[in-house]
Amino acid sequence: MAESFKDKVAIIGMGCSKFGENWDMGSEDMVVDATYDALADAGIEMKDIDAAWVGTIGFHGTGTGMTSTGITGAAISMPLKLQYKPVTHVENGCATGTDALRNAAFAVAAKVYDIVLVVGVEKLKDTGFGGLGELAIPPHPVFEGGITAPGMYALAATRYFKKYGLTPEEGKRMLAKVSVKSHYNASRNPRAHLRNVITEEQVINAPVIAWPLGLFDCCGVTDGAAAAILCRAEDAKKFKDDYVLIKGLGLSVGPGQGSIRTDYDFTIWDETVHASKQAYAMAGITNPRKELDLVECHDCFSISEVIAVESMGLCERGKARADIESGAWTQKGEIPVNLSGGLKAFGHPIGASGCREAFEIYQQLLGRAEDKTRRLKNPRMGLVHNQAGLPGKFMCAVAIYGLP
Amino acid sequence: MAVGITSYGAYIPMYRMNMQTLARTWGSPAGKGEKAVANWDEDSLTMATESSVDCLNGLDRSTIDGLYFATTTPAYREKQNASIIAKVIDLRRDITTADFANSVRGGTNALKAAIDAVKAGSAKRFLVAAADCRVPAPDSQFERLFGDGSAAFLIGDSDLAVEIEGSASISSEFMDIWKREEDRYVQAWEERFIVTKGYLAHLEEIISIIFKKYKVTPKDFSKVVFYAFDQRRHLEIAKKLGFDPATQLQDSLLSTVGHTGSAQAMMMLVAALEEAKPGDKILFANYGDGADAFILKVCDQIEKIRDRRGIKKNLASRMELSSYGKYLHFRNILDWGRQREPERFGALTMSWRDRSWLLSCHGHKCRQCGTIQFPMQRVCTWCQAKDDFDEVRLSDKKGTLFTYSMDNLATSVDKPTVIAIVNIVGGGRFSTVLTDRDTEKISPDMPVEFTFRRVHEAQGIHNYFWKCRPARA
């Protein structure tokens with residue numbers, strides 16, 4: 001009989017490398033920085049680690065495929081000189097970071113190990129291409145070649161506008177407000193990649209990447225790593241007084257029906273619905289909008305934030321525009337979304353993002369955000385939404401972290 | 001036994017380039033008219049699938065016993081092209097296929113062979129398709145002349161729309177226009193020589209053979225349809241042979257489509273048949289390495305195949321290609337130095353395994369819940385039944401554009417890549433790319449249709465697949 005996982009595992013240390021176009025750093029450098037940051041936070045040493053998980057998709061330089069052929073646990077055991085410890089490589093597309101953490105947490109809860117390390121990392125800026133290049137998942141002579149992530153997410157924007165009667169201008173303005181908020185939040189976050197404050201007009205007039213999405217509707221292409229140290233909840237106090245507990249975890253991998261079934265309409269993401277429901281159930285949340293204090297949402301594109309927030313039941317379907325206009329998702333609003341700047345402005349190093357999102361919740365819950373003006377007042381619980389794939393064929397991971 | 005044409009079809013690409021565009025580009029005097037230009041994802045093979053599908057409109061494709069394909073620009077120099085076309089248009093497996101390459105007369109060579117096959121009783125219904133997409137040398141007379149297009153005829157021994165009453169052929173060793181294995185563009189000898197001793201002489205010869213052999217005169221024909229070298233000579237030869245150019249000569253299509261090589265005379269014949277009435281007699285002649293001529297009599301059945309797109313409807317639906325730069329891209333004429341482009345993926349084993357949906361555009365219809373899904377699945381997307389499907393052809397269904405985006409980031413010859421989610425009328429969804437589109441005129445729920453295109457090159461393989469385009473009128 002499966003038991004509730006709520007409050008069984010604690011995060012006692014977290015670290016985060018510099019995020020940005022790290023021309024002078026390889027993934028090994030970022031793994032070292034994030035991990036030593038986390039070890040220092042937890043007050044432990046490398047030799048205390050019993051096992052480790054690394055989340056990375058191992059983005060190679062061809063620009064043609066998000067494939068991780070040949071990536072192993074050595075991606076961190078080599079740079080960290082882990083001494084013959086068990087290390088597992090986890091990959092689940094852009095949801096990799098949260099899934100690595102999820103698998104590590106299960107091992108801790110199963111009492112197989114006492115202290116484990118999770119590292120999410122991605123080096124994107126070695127490809128020689130702008131953006132992420134083209135998708136071919138899985139490689140096929142004709143299927144899905146020559147299209148990109150913004151192109152696929154834009155499909156959802158077009159249909160969202162159509163379904164809710166927004167003209168392209170109204171739709172683009174709604175999305176612009178999302179990006180303006182992300183950049184504003186990032187401007188006050190010294191760790192974020194894109195810290196420039198932008199205006200709605202800038203967003204609307206920016207070059208089109210994949211209509212209706214423009215440059216400022218797309219997240220940064222960023223290098224970075226984030227790390228976490230986990231132990232069983234009952235042991236956490238042995239290390240430190242301030243720590244965070246895992247309240248709920250959800251993972252939904254879709255059967256990829258969106259490109260096959262005519263009833264899939266792109267404006268609600270089923271995997272996101274399922275993953276969030278699993279996490280809410282585990283965390284005992286019945287009214288997420290009221291019970292959660294903040295959300296780190298996988299806003300790889302402005303439209304992603306809109307539809308993900310609706311899909312997770314944080315906003316009524318089709319009502320995002322009203323929320324955005326009333327400022328409900330800002331720091332002072334009812335449910336702050338992407339206080340860190342989000343993937344949009346903090347950056348999106350693919351395998352790192354889930355751990356980096358957890359880092360923001362961790363910092364907020366422990367009242368540690370560097371810039372005091374961006375600290376929430378007494379937050380108790382936050383959610384990480386981490387999603388991979390394309391509308392119609394997602395892998396979605398949701399994690400809820402809270403204070404004891 | 002009467003043998004003849006039971007159906008016809010044609011295809012003209014959407015893009016047309018005005019002679020003014022060429023004149024502007026090269027600073028040369030502007031000629032008149034325009035030419036049809038195949039989109040970057042089209043070639044002779046894809047255009048032949050279009051005219052074939054037009055020709056087979058409403059007909060049971062399983063009754064076709066063979067396919068001959070004529071072109072001077074085969075997609076593959078070694079590897080039969082007709083067998084690919086047959087698979088794409090979903091013909092039976094126990095049929096005869098062959099390519100008729102190397103001569104602009106290939107279309108009527110193939111027609112003759114199909115007629116002979118039906119006459120001999122080895123086939124009941126034989127499809128003949130001709131298509132050409134000749135790349136002319138930049139700033140040459142051929143650049144102003146060559147256009148792209150395709151025509152197809154179904155030859156049979158029943159339900160004749162046109163009866164073939166007689167024919168004659170000559171083979172002649174005559175070098176006028178040629179292309180060696182290593183040549184990128186066609187070459188030609190001096191025009192006066194190739195026109196007087198080649199084109200004019202051979203057509204006069206074949207037509208006088210027909211006159212003598214069948215004891216007919218120009219007055220016996222309501223129309224004469226023959227290969228056109230250029231507009232002036234086309235009129236000249238008609239007059240010389242005793243036809244009235246004003247009433248009897250079929251338009252050459254040179255000022256609207258351009259010279260479509262092995263498809264030219266065939267396309268002219270389709271245009272003639274669109275206007276023909278039962279009882280009309282047509283003299284049809286073709287030139288190239290000799291000549292062919294046919295006497296055609298139009299039958300009542302012609303009224304039953306008026307719904308073809310043919311030449312008229314294809315001509316009416318068009319988009320202007322006003323940029324010569326785009327044209328260079330479409331025909332891949334320059335060395336683009338695109339080392340930074342991602343490599344495309346190709347795997348013959350995968351293409352072969354997936355041939356039923358890649359080429360024949362088959363989807364699966366679930367025997368348990370009746371839903372249609374594309375591409376073919378092992379487990380039903382709707383009811384999870386396993387391996388319990390019937391294959392259904394989807395390429396002849398209409399669709400509506402459910403949603404789309406215009407991707408400027410994806411590498412493409414013709415940006416933006418219009419990603420499209422299409423709901424197929426009658427069931428099924430197709431995740432695809434919209435081609436032949438005007439980016440100003442795309443909206444959700446617009447009607448679209450399937451079209452077979454070249455997707456990309458990888459590992460020396462042309463990867464073909466279906467796309468959608470806004471429905472043509």
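Keep in mind the model is a prediction, meaning the values are calculated, not measured. First the proteins, then the strands, lettered A, B, ... as listed; each starts at 1.
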Q: Identify the residue among A:Ile209, A:Val208, A:Ile147, A:Leu213 that makes a side chain to side chain contact (heavy atoms under 4.5 Å, CB included) with B:Leu409.
A: A:Ile209
**Q.** Between CD1 on residue B:Ile421 and CZ on residue A:Arg159, distance to nearest 0.5 Å
**A.** 11.0 Å
Q. How many angstroms lie between atom OH of A:Tyr153 and atom CD1 of B:Ile419, to the nearest 0.5 angstrom?
A. 13.0 Å
Q) Do any of residues 363-371 of chain B come closer than 4.5 Å to chain A, heavy atom to heavy atom, and if so which ones, in number order? A) none
Tell me whether [X] at atom [atom1] has more than 12 heavy atoms from other residues, nucleotides or ligands lying less than 6.0 Å away.
X: A:Lys319; atom1: NZ; value: no
X: B:Gln384; atom1: CD; value: yes
X: B:Lys397; atom1: NZ; value: no

Q. Who wins among B:Ile461, B:Asp354, B:Asn463 for the most heavy-atom pairs under 4.5 Å with chain A?
A. B:Asn463
Q. What residue in B:Phe465, B:Tyr464, B:Phe374, B:Tyr404 has the most heavy-atom pairs under 4.5 Å with chain A?
A. B:Tyr404
Donor-acceptor contact below 3.5 Å, side chain [X] vs main chain [Y]:
X: A:Thr158; Y: B:Ser405; value: no
X: B:Arg429; Y: A:Ser259; value: no
X: A:Thr148; Y: B:Ala410; value: no

Q | A:Thr262/B:Asn423 under side chain to side chain donor-acceptor pair (under 3.5 Å): CA gap, chis, key distance, verdict | A | CA-CA 6 Å; A:Thr262 46; B:Asn423 285 346; 5.4 Å; no
Checking [X] against chain A: side chain, backbone, both or neither under 4.5 Å from a heavy atom?
X: B:Leu348; value: neither
X: B:Gln377; value: side chain
X: B:Thr417; value: side chain
X: B:Trp466; value: neither

Less than 3.5 Å apart, which donor and acceptor atoms pair up between the side chains of residues 264-274 of chain A and the rest of the protein, not counting sequence neighbours?
unit_1	atom_1	unit_2	atom_2	d
A:Tyr264	OH	A:Gly392	N	2.9
A:Asp265	OD1	A:Thr267	N	2.9
A:Asp265	OD1	A:Thr267	OG1	2.8
A:Asp265	OD2	A:Lys163	NZ	2.9
A:Asp265	OD2	A:Thr267	OG1	3.1
A:Thr267	OG1	A:Lys163	NZ	3.2
A:Trp269	NE1	A:Phe266	O	2.9
A:Glu271	OE2	A:Phe394	N	3.2
A:Thr272	OG1	A:Gln387	OE1	2.5

Q: List the atom of A:Lys162, the atom of B:Pro444, and the distance in Å for their closest heavy-atom pair.
A: CD-CB, 3.8 Å
